[in-house]
Amino acid sequence: MTVSTMNSDLIRLLATREGGQVRRCHVLPHISSYTVGLHTYGAVSLLLLLHPSPSLALIKAVQWHDVAERWMGDMPSPVKSRHPELGQLYERIERQCLESLGLAQNLTSDERAWLRAVDLLELYLWCREEERAGNGNVREWTEGIRAALSGLFLDGDLPPRIDALLRQIDGRKELPRLSDHFTYVERDLNGPGEAGS
């Protein structure tokens, strides 16, 4: 079957699945697997946990914001920062890919702020997890992403709930790992004496 014989639903399905397999942060040695699919799952989870009532357009935008990396790869942020003309060109082509696939979403400025915030926060969490696993290679990235999140806060573009969570995360030397025994997780969620009720 050639692309010309596939219907648009199948093309979009393949694009989103293949896009999810793209390796992220490939220029940085890291311990865990990190793909667009893992990143997207984390970003959508953050959005659904922290946003009081995200629109369907915002959920779709977060879900599909990196699908174009299927064709373009994951351009490292330092390249985009040091060469803004490349970053702008990349973003324009990325938008064209999403529009061609029918996956582009029109967002309000508030929704764009949420997208940017959960995108950065998810990457920040991944870096912190890599640090917990002993990967010192990510330290510079962790600091840079934290600075970018602080910049969003100063610009008024960091949603308050994300800022509050970020402060809680920053208050810890490393992110803890949840217990393997769910009864302890229930206890921590519900308070002493509530687990298993």
Side-chain angles (χ1 to χ4, degrees), residues 3 11-44 46-47 57-131 135-159 162-163 166:
V3 172
I11 290 171
R12 279 193 285 273
L13 172 73
L14 294 172
T16 58
R17 291 187 61 78
E18 291 177 16
Q21 296 171 30
V22 172
R23 185 171 176 228
R24 285 180 56 89
C25 303
H26 62 280
V27 297
L28 180 70
H30 52 275
I31 296 167
S32 65
S33 173
Y34 194 39
T35 63
V36 166
L38 290 170
H39 165 68
T40 298
Y41 174 83
V44 170
L46 285 168
L47 179 70
L58 178 55
I59 295 168
K60 287 179 177 182
V62 174
Q63 177 68 32
W64 296 325
H65 74 280
D66 284 335
V67 167
E69 291 182 10
R70 157 58 179 85
W71 292 276
M72 302 170 62
D74 180 24
M75 181 185 279
S77 292
V79 174
K80 292 179 190 177
S81 299
R82 291 189 188 115
H83 303 282
E85 67 283 0
L86 285 178
Q88 291 167 1
L89 178 62
Y90 183 91
E91 288 176 14
R92 192 178 81 224
I93 296 169
E94 185 176 52
R95 179 77 183 177
Q96 288 172 347
C97 284
L98 291 175
E99 286 173 354
S100 294
L101 291 166
L103 301 177
Q105 304 298 311
N106 292 316
L107 302 178
T108 66
S109 59
D110 181 62
E111 288 173 329
R112 284 192 300 276
W114 271 95
L115 171 57
R116 181 80 175 130
V118 297
D119 186 33
L120 282 172
L121 181 56
E122 195 288 324
L123 179 58
Y124 181 69
L125 290 169
W126 176 79
C127 286
R128 292 287 305 265
E129 290 162 356
E130 282 287 304
E131 284 182 354
N135 185 356
N137 296 314
V138 300
R139 198 157 291 119
E140 186 178 328
W141 281 36
T142 305
E143 292 167 7
I145 296 160
R146 185 61 183 94
L149 286 162
S150 294
L152 288 179
F153 176 76
L154 293 174
D155 292 343
D157 288 334
L158 189 66
I162 289 183
D163 180 53
L166 195 53

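Just so you know, these numbers use all the heavy atoms, side chains as well, and skip hydrogens, waters and symmetry mates.
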From Tyr124 atom OH to Glu143 atom CD, the distance as rounded to the nearest 0.5 Å: 9.5 Å
Pairwise distance CD(Glu94) to NE2(His65) - rounded to 0.5 angstrom: 8.0 Å
Atom pair CD1/CG of Ile162 and Leu152 - distance to nearest 0.5 Å: 9.0 Å
Sidechain-backbone polar pair: Glu130 side chain, Ser32 backbone, donor-acceptor under 3.5 Å: yes
Over 12 foreign heavy atoms within 6.0 Å of CZ, Arg146: yes
Pairs satisfying salt bridge (charged side-chain N to carboxylate O under 4.0 Å, His left out), at least one member in residues 100-113, at least two apart: none
Heavy-atom side-chain proximity of Cys25 to Leu123 below 4.5 angstrom: yes
Worked check of side chain to side chain contact (heavy atoms under 4.5 Å, CB included) between Leu125 and Arg128: CA-CA 5 Å; Leu125 290 169; Arg128 292 287 305 265; 5.5 Å; no
Sub-4.5 Å side-chain heavy-atom contact between Gln21 and Thr35: no
Point-to-point distance, once rounded to the nearest 0.5 Å, from OG of Ser100 to CD1 of Ile93: 11.5 Å
Scan the side chains in residues 82-91 for donor-acceptor partners under 3.5 Å anywhere in the protein, sequence neighbours excluded, and list what turns up.
unit_1: Tyr90; atom_1: OH; unit_2: Gly73; atom_2: O; d: 2.5

Asn106 CG: over 12 foreign heavy atoms closer than 6.0 Å: no
Selection residues 14-33 - residue pairs positive for salt bridge (charged side-chain N to carboxylate O under 4.0 Å, His left out), sequence neighbours left out: Glu18-Arg70, Arg24-Asp66
Set of residues satisfying side-chain contact (heavy atoms from CB on, under 4.5 Å) with respect to Leu28, sequence neighbours excluded: Trp126, Asn137, Val138, Trp141
Between CH2 on residue Trp114 and OG1 on residue Thr108, distance to nearest 0.5 Å: 12.0 Å
With sequence neighbours excluded, residues passing side-chain contact (heavy atoms from CB on, under 4.5 Å) with Val22: Val36, Glu69
Modelled atom types, side-chain donor and acceptor of Glu131 and Thr142, under 3.5 Å: yes
Beyond-backbone contact of His39 with Asp119, side-chain heavy atoms, under 4.5 angstrom: yes
Gap between atom CG of Leu115 and atom CG of Leu47 - 0.5 Å precision: 8.5 Å
Heavy-atom check, side chain of Cys97 versus side chain of Val67, under 4.5 Å: no
Test salt bridge (Lys or Arg N to Asp or Glu O under 4.0 Å) applied to Glu99 - qualifying residues, sequence neighbours left out: Arg95
